Structure formats: C-alpha cells, structure tokens
Amino acid sequence: MKFEINSTTSESRARAGKLETAHGDILTPIFMPVGTAGSVKGIHFDDLKKDVKAQIILGNTYHLYLRPGIEVIEEAGGLHKFNSWDGPILTDSGGFQVFSLGDIRKLSEEGARFQSHIDGSYHMFTPENVMDIQRSIGADIIMAFDECTPGDADFNYAKKSLELTQRWLDRCFERFISTSPKYGFKQSLFPIIQGSGFPELRKLATEHVKTYDADGYAIGGLSVGEPEDVMYNMIDVVTAGLPLNKPRYLMGVGTPVNILEAIDRGIDMFDCVMPTRNGRNGMLFTSEGIINIRNKKWQKDFSPIDKNGVSNLDIRHTKAYLRHLIISNEMLGAQIASQHNLAFYLWLVTEARNRIIEGDFKQWKNEMVKKLIQRL
RNA sequence: GGGAAGAUACCGAAGCGGUCAAACGGGGCAGACUGUAAAUCUGUUGGCUCAGCCUUCGUAGGUUCGAAUCCUGCUCUUCCCA
C-alpha cells in the first residue's frame, strides 16, 4: 500500500495525502463511514458512493464473525463481493467490542473470551484467529487485535493493558506475515497505539508500533470518556513520534470539531458512528451548526435541511419534512438524516484537504470550529 | 319504553374513604449518543410567589374530621331487552 503526502502546512501538522489500495485511491484526510455488519446503516452503497462520496467504509470483525459467520463471507468471496461495495474497506478487529461488551467478556494472555450479544454463546478471540478472520473477510486494511483501554483507567491498569496490547500486536504481525490474502489482493495491517491518557505510555506505545514497518498506524483508546483536552494532548504526543510518510488513523473520532482539531494535529483517517447513529436519533451536523431536528422550532421551517449542504437531499427536503419523518419514526427520516450527516462529514474532510493544499487550513479551521459548536 | 355498565390529567387506562396532583402505556416537550449489543437510552409532562400553597378525577348537592373513592339528582356514553 502506497501513501504519498501531497501537501503540508507550516503552521500546523496537517497534511493532505493519497493512500493507494487495491480497490482505489483514498484522498486524505478522510472520514470513513462505519458499516459494522457489512452495511452503513440506512444508506445504500450507490448513495454512499455518489451522494455521500465515501471513499472507504468500515466493517467489523466481531459482528461479521457472529453473523453471517466467516464461512458465509468466504463462500461469497469476501466482504467486497458479499456486500457489493467495490471501494476500499477497513475492518476493525473486535478490540473495541472487548471494551464495549465489557461485562460479557474475560481477558487473558491468550485473548478475549466473550459471549455473543446475539445468542449468549461463548467464543474466543486471539490475535491469531482475529488475523485469520480478517483474512477471510478480506478488507484492504485490517486492524490489530487490541484492548481498548477505558478512558478512566488508572496508570497501572493502563500500563498493563498497553503491555498486553503490545504482546498481542507481536502475535498479530507474526500471524499476518505468515499467512496470505485469500482474494488475490494485498491487505495491510495497522497496529493500534494505546496508553490511555498517559503521555509516557503513549510515547512507549508509539515507539513499539514503529518497530513494525506498517502501512499505517492507528491511535485507539481515545474518545472513550476522557476529557477532550486529554484526547488532543495524546494525539499531539503520538503524531509527534510517528513517521511522517505513513497514514495515521484516529479510531472512533468523532465530532466535526474533534476531526478538525485532529487533522490540525496530523491525523489522516477517521471513523465514527456519530453521523449515522446521531442522525438516526435526530441530530444533524450542518454547515451552520448542530440541529436537533426533533425540536418543535423546526415544525414549520420549510427551509432546506442545509442550504450549503452537498447532499442532493439537503436542498430537496425541508427541515419540517425531515422533522416529521423522524418524529413519526419513519425509516426514511433516519436514512435522510444519516445520508446528510455523512455527506457533511465527507465534505468537511474534503474541504480540509483543499485548505491544506491552498495553505489557509488553520484560519479556515478556526472559523469552522466556531460555527460547528453552535446549536441552532 | 325497560334494564345494565360507565364517565379519571392531551389520549388510553389503574385507583374504589386518608400514605392521590393521582400507577402504567401512548402522545407531547427536552436531553444524551465518539473503532455501532443503539430506528436506542434518559428526563419531564395541572398552576403558582414551588421543602409550601392553589385548582383538578362528567355535573349539582349531600354524608364524613377527611371523598377520585360512599349517597342522591341531573347530563352524556356504551351494551342488552322491547
């Protein structure tokens, strides 16, 4: 996988780049819509590509492993064939589920034993079988199996957790390099940097992942309950230590403001459920600020969803109509809101890229942040 | 014409002498959501000069220290018989 930096800025760490995968190029910075179960909730792939302008989507090892199951995906010929998305795909390893399904799993040196949230059955994830599973799913970018350390972890827990993640990373790479892709194209394995909110641990973690000449490096364990300034500080610490010529992926982040701040600090890739989940729940991110479309004040507002919006739906539909759909629990409402939010996120990172190239990123970012935190 | 049951807050529906401004649903209003156990979850929903007070359980009276709860008249609704 090739990554080239097209442009950098003098007053910030922000970069514009291009990541080449077997399923197409990705212009960075990029936001990657989350498609946990092989589907970005509520959005068809045609709209994702043409209207949202998504360049890469996610899938999730844990969810796909439980359902439909790896046999099905293998027989289909991999996830690309199965769901028909022909662009790049990244799969998360299930490490986040080890965190979010905390009460129904048990960690050991070997791996994570967990209960399915679907039927309660017991399963075991190890660094080795998670690599195998991700080979079978066949994403272009696959993630190391890690423990996503909780945001409120104390130093001792965070240190032990990081050390486990590091030992697991060694096993991930060992397995990864001794196996081959199943569908005739190259896969890249990204390590994940943990260390919670402790700069010294983050530095150690950064040094450790650099012992592998990976195609990209991810930062995990942020936006999991810690204060925002801690998150920004950790990003600073990590990006300062990472090689310049490799993409950096900040996992699970975040709000539009989080994304701009992270781009400013040298992050290239993002994913987050926020545009889709919050969209389903009536929260819109727009060029003017944040809208809770369920609020009564939009009941008779027949202005476009977002007058500056880039999605076709933004001008076509009014706030009043979208409010009606969401309030009435019509599934079209969730679809429109999700598609709008995703299109907005993709616009935001694309615009950031343009500004980096133009050279006025910092100024633009500061203006945008002011707008984006407003509640309309 | 005769008989039976019932009328509770925005709607439905509990309550059947004091602990009732009144359970529970729905609806309304607002909030949360960051590598998706989420088309989910939480709060709130008579008024006020708000640790208290005022007005509310069809309506007008009555019994009682005390009534949404008991009694009487009236109005309306539903069902059954003719």
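FYI, side chains are in, hydrogens and waters are out, and symmetry mates aren't considered; it's all heavy atoms of this structure. Chain letters run A, B, ... following the sequence lines, proteins first, then strands; residues in each count from 1. On a predicted model such as this, the values are computed, not experimentally measured, just so you know.
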Tell me, which pairs form a salt bridge (charged side-chain N to carboxylate O under 4.0 Å, His left out) where one or both residues lie in residues 64-83 of chain A, sequence neighbours left out?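 Checked against salt bridge (charged side-chain N to carboxylate O under 4.0 Å, His left out) - neighbours excluded - the pairs reaching residues 64-83 of chain A are E74(A)-K182(A).
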Check this for me, if you would: do D213(A) and K246(A) make a salt bridge, where the nitrogen-to-carboxylate-oxygen distance has to be below 4.0 angstrom? yes
Using the side-chain contact (heavy atoms from CB on, under 4.5 Å) rule, pick out the option among V253(A), I259(A), I219(A) that qualifies with I267(A).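 It is I219(A), the one option of V253(A), I259(A), I219(A) that forms the side-chain contact (heavy atoms from CB on, under 4.5 Å) with I267(A).
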Got a second to check how far H123(A)'s NE2 is from F125(A)'s CZ, nearest 0.5 Å? 8.5 Å
Spacing of I356(A) atom CD1 and R15(A) atom CZ [to the nearest 0.5 Å]: 9.5 Å
So, using ring-ring contact (aromatic ring centres under 6.0 Å, His included) as the criterion, who are the partners of F82(A) when residues are at least two apart?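 Applying ring-ring contact (aromatic ring centres under 6.0 Å, His included) to F82(A) gives none.
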Go through G35(B), U34(B), C33(B) for me and flag the one nearest to the V34(A) side chain. G35(B)
Describe the nucleic acid contact of N278(A) in one word from base, sugar-phosphate, nothing, applying a heavy-atom distance below 4.0 Å.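 Since a base atom lies under 4.0 Å of N278(A), the category is base.
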For a quick check of understanding: with a heavy-atom distance under 4.0 Å over all strands, which category does R67(A) fall into, base, sugar-phosphate or nothing? nothing
If you restrict it to nitrogen or oxygen atoms, what contacts under 3.5 Å exist between nucleotides 26-30 of chain B and the protein, and what is each distance?
{"from": "C29(B)", "atom 1": "OP1", "to": "R323(A)", "atom 2": "NH2", "distance (Å)": "2.8"}
{"from": "A30(B)", "atom 1": "OP1", "to": "K296(A)", "atom 2": "N", "distance (Å)": "3.2"}
{"from": "A30(B)", "atom 1": "OP2", "to": "K296(A)", "atom 2": "N", "distance (Å)": "3.1"}

Can you tell me the distance, in whole Å, between the CZ atom of F145(A) and the P atom of G35(B)? 17 Å
Considering only the P atoms, how many Å lie between G46(B) and G25(B), rounded to the nearest integer?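 Comparing P positions in G46(B) and G25(B) gives a spacing of 15 Å.
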